[in-house]
**Student:** 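Mind looking over this structure? Questions follow.
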Amino acid sequence: MTATPTAPTPADALLAPVPDEDGAPFWEYAARGELRVQACTACGRLRFPPRPCCPHCRSFDSHWQPVDGRGRIWSYVRPHPPLLPAYAAHAPYTVVLVELADAPGIRLVGNLVASADAPLGSADPAAVRIGARVRAVFADCGGVTVPRWVPEKP
Amino acid sequence: MAATLKDATAIVGIGQTPFARRLPQSEKELACRAILAALDDAGIAPGEVDAFASYTMEETDEVEVAKAIGAGDATFFSRVGYGGGGSCATIGHLAAAIATGQASVGVAWRSRKRGSGPRPWTNTAVQLPTPGQWTRPFGLLRPADEIAMLARRYMHEYGATRDHLFNVAMACRNRANENPAAIMYERPLTREMYMTSRMVSEPLCLFDNCLETDGALACVVVSAARARDCRHRPVHVHAAAQGLPSQHHGMVNYWNDDPLSGPAWTAARHLWKRADFGPQDVDTAQIYDAFTPLVPLSLEGYGFCGRGEGGAFTEGGALETGGRLPINTGGGGLSEAYVHGFNLITEGVKQLRGTSTAQVPDARTCLVTAGEGVPTSAILLRA
Ligand SMILES: [Zn+2]
């Protein structure tokens, strides 16, 4: 699979992901609204970030396994300016590291937002805490679909 | 009998330029000035230099430096990756080259125009696909953001507080207040200033972040035998180590089974195994402090306290002069100058020469560490 070509990012736009060969399938599945993680075909272990070969059994055979997109916040930060202009416009916003419920050890960086297409800074900071349950949603980011995270209804 | 680096070589010369937010000279010129000052300090002619060691993320290379200072034929050169993680490895590489007869006079240096130059994270054109594709679109843009993620988890897991981070910032600032070369000389810090300062990446505030500085430093390394004929008391390279842990991810070690056990732990295991003394025998430590949380994490990794105890270790003035472990006695990256940690090496040398502006009485041993959170390195110095 080849990396998705991306147009140069305008200075005032959020950064679109620049996939490499190993990571491209993640973004292709994301474009269909699917969250998938690379899995070793030989031993079945999941790995992230994706890479050519399984660090457990050294097999080069892999496939992309769907995960259910539920997780808990492992940690989070709230960046403030100076930031790139597009991010400064939303600051402070919440960047979360989400540990997947059905794939412990796989942690995804993303944004906690009020809803899929809500602005980057839309999550209520008072509701952000380590251990909080979140679920994946998908949003357009400069023509590329990215996963975002919304709080799970209690 | 395996060869050993233990005390086989010594740092015999140190040199530096002024530190400032903005210096007019180029990085290359600053590098040459620092290297020539270090050679002069050692009493060694530039024509005798035959080994070079540096680390990535600067403009000067060994070809340009060798040509400008009038070095002799070089038989060893080495450049260590991962920016600030390479500082101490430069000394380790020179020590290894000299101990094994590959060279006789080595220089290591760092020259940086970070104060007046661009911030590297703003260069979106060079964002690397891995791991940038997993972090940067979400606004995890700067090293401060990447380390803040680990800091938040660390504070949550072990009850470390902003007061503990303040203790780190304060120790560095207090030492800078004693060091006329420091950017923060005569600029005291208070708890109120810290607690009310602007946030950079919560939970990290302005004073949890290193300075942005122009400046250069250099060291000269020779064999222990040669060192006896140099101008100053030799500072022996007792042990050296690098650390790139299994399944590590530079800066964003989030996918490791244990993200809070970083490269310091790996470097430390090797370092202590090769040393005649342990953490309890270290008189002063110069700990890489691009961000305050790196200090408690490093205190744990290098064995000064147990896992999760790094925050509590900072209490009661432990890091201050007269405390259990005086750190960053020139002011460190937080308050002297941020030159990717090389000032920590030269400060370690000053301590063991007895010439620091915050001298630890009778200091005989010093640990110097490089950037934690990325593939790292460390050295143990002995008088
Ligand atoms: Zn496998």
Side-chain angles (χ1 to χ4, degrees), chain A residues 3 8-9 11 14-24 26-27 47-51 55 73-88 90-97 99 104-112 120-121 125 129-131 141-142 144 146-149, chain B residues 118-119 121-158 197-206 208-209 212 246-260 291 293:
Chain A
T9 307
L14 298 180
L15 297 175
V18 181
D20 63 2
E21 198 171 323
D22 297 318
F26 179 93
W27 300 108
R47 59 183 189 253
F48 193 89
R51 70 204 70 164
I73 295 176
W74 189 87
S75 189
Y76 62 98
V77 299
R78 303 258 304 159
H80 293 247
L83 291 157
L84 295 173
Y87 292 89
H90 293 280
Y93 51 89
T94 305
V95 190
V96 288
L97 186 58
E99 189 151 45
I106 304 291
R107 305 182 187 102
L108 299 174
V109 176
N111 293 115
L112 188 74
L120 218 52
R129 57 174 181 81
I130 288 176
C141 173
V144 179
V146 300
R148 285 188 175 153
W149 300 89
Chain B
R119 291 173 158 88
W121 58 266
T122 59
N123 191 348
T124 58
V126 296
Q127 70 161 304
L128 298 174
T130 302
Q133 67 186 309
W134 311 116
T135 59
R136 298 203 81 198
F138 309 109
L140 200 72
L141 301 173
R142 307 160 297 184
D145 306 319
E146 296 168 331
I147 295 300
M149 190 74 88
L150 294 174
R152 172 91 66 184
R153 180 72 192 191
Y154 177 77
M155 294 163 86
H156 169 83
E157 229 170 272
Y158 296 115
S197 70
R198 68 179 173 83
M199 282 290 166
V200 170
S201 196
E202 296 170 52
L204 303 184
C205 72
L206 178 65
D208 292 310
N209 290 263
E212 301 279 6
S246 175
Q247 296 296 312
H248 174 69
H249 305 82
M251 292 304 292
V252 284
N253 197 33
Y254 311 147
W255 303 290
N256 195 294
D257 286 347
D258 181 5
L260 297 178
F291 307 102

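This is a predicted model, so every value here is computed, not measured. Each chain gets a letter, A, B and so on, in the order its sequence line appears, and its residues count up from 1.
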**Student:** Indicate the atoms forming the closest heavy-atom contact of A:V96 with B:M149, along with that distance.
**Tutor:**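 Minimum heavy-atom separation between A:V96 and B:M149: C-CE, 3.9 Å.
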**Student:** Are the side chains of B:E202 and A:P125 in contact, using a 4.5 Å heavy-atom criterion?
**Tutor:**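 SC-SC contact between A:P125 and B:E202 ruled out.
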**Student:** Chain A: which of B:V252, B:D145, B:L204 shares the most heavy-atom pairs with it under 4.5 Å?
**Tutor:**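 Top option by heavy-atom pairs under 4.5 Å: B:D145.
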**Student:** Among residues at least two apart in sequence or on other chains, which ones pass ring-ring contact (aromatic ring centres under 6.0 Å, His included) with A:H80?
**Tutor:**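 If we apply the ring-ring contact (aromatic ring centres under 6.0 Å, His included) test to A:H80, skipping adjacent residues, there are no hits.
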**Student:** So for A:P82, is it side chain, backbone, both, or neither that comes closer than 4.5 Å to the heavy atoms of chain B?
**Tutor:**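 For A:P82, heavy atoms of backbone and side chain both lie under 4.5 Å from chain B.
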**Student:** Relative to the ring of B:W134, is the ring of A:F26 parallel (under 30°), tilted (30 to 60°) or perpendicular (over 60°)?
**Tutor:**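 Ring orientation, 0 to 90° scale: perpendicular.
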**Student:** Provide the closest heavy-atom pair for B:P137 versus A:A16 in the form atom of the first, atom of the second, distance.
**Tutor:**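 Shortest heavy-atom contact: CG-C, 4.1 Å.
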**Student:** Less than 4.5 Å to any heavy atom of chain B: does that hold for the side chain of A:F48, its backbone, both, or neither?
**Tutor:**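 Interface part for A:F48: both.
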**Student:** Ignoring hydrogens, what is the shortest heavy-atom contact between A:V18 and B:Q133? Give both atom names and the distance.
**Tutor:**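 Reported closest heavy-atom pair: O-CB, 3.5 Å.
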**Student:** Side chain, backbone, both or neither: which part of B:D257 has a non-hydrogen atom closer than 4.5 Å to chain A?
**Tutor:**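 Looking at B:D257, just its backbone touches chain A.
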**Student:** Quick one: what part of A:Y87 sits under 4.5 Å from any heavy atom of chain B, side chain, backbone, both or neither?
**Tutor:**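 Answer is side chain: those atoms of A:Y87 sit under 4.5 Å from chain B.
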**Student:** Is it true that a side-chain atom of B:Y254 and a backbone atom of A:R107 form a donor plus acceptor pair closer than 3.5 Å?
**Tutor:**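 Checked: no pair found.
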**Student:** Do B:L141 and A:L15 have side chains that get closer than 4.5 Å, going by heavy atoms?
**Tutor:**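 Touching, per the 4.5 Å side-chain cut-off.
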**Student:** For chain B, which of A:G131, A:P79, A:A91 has the most heavy-atom pairs under 4.5 Å?
**Tutor:**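 Counting heavy-atom pairs under 4.5 Å, the top option is A:P79.
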**Student:** Check whether any side-chain heavy atom of B:R142 lies under 4.5 Å from a side-chain heavy atom of A:L83, and answer yes or no.
**Tutor:**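 Result yes, sub-4.5 Å side-chain heavy-atom pair found.
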**Student:** Under the rule for salt bridge (charged side-chain N to carboxylate O under 4.0 Å, His left out), what residues qualify as partners of B:R152, not counting sequence neighbours?
**Tutor:**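 Partners of B:R152 under the salt bridge (charged side-chain N to carboxylate O under 4.0 Å, His left out) test: none.
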**Student:** Using a 4.5 Å cut-off on heavy atoms from C-beta on, say whether the side chain of B:M199 contacts that of A:P92.
**Tutor:**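 In short, these two side chains do not touch, never coming nearer than 4.5 Å.
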**Student:** What closest approach, in Å, do B:F138 and A:N111 show between heavy atoms, and which atom pair accounts for it?
**Tutor:**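 Result for this residue pair: O-ND2, 2.8 Å.
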**Student:** Taking every heavy-atom pair that is under 4.5 Å apart, which of A:P81, A:C141, A:P104, A:G23 has the most such pairs with chain B?
**Tutor:**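 Most pairs with chain B among the choices: A:G23.
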**Student:** Mark yes or no for whether A:S75, through its side chain, and B:L150, through its backbone, hold a donor-acceptor pair below 3.5 Å.
**Tutor:**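 No.
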**Student:** Please report the interatomic distance CH2(A:W74) to CD(B:E157), rounded to the nearest 0.5 Å.
**Tutor:**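 One finds 6.5 Å between CH2 of A:W74 and CD of B:E157.
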**Student:** Under a 4.5 Å heavy-atom cut-off, does chain B meet the side chain of A:R51, its backbone, both or neither?
**Tutor:**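 Looking at A:R51, just its side chain touches chain B.
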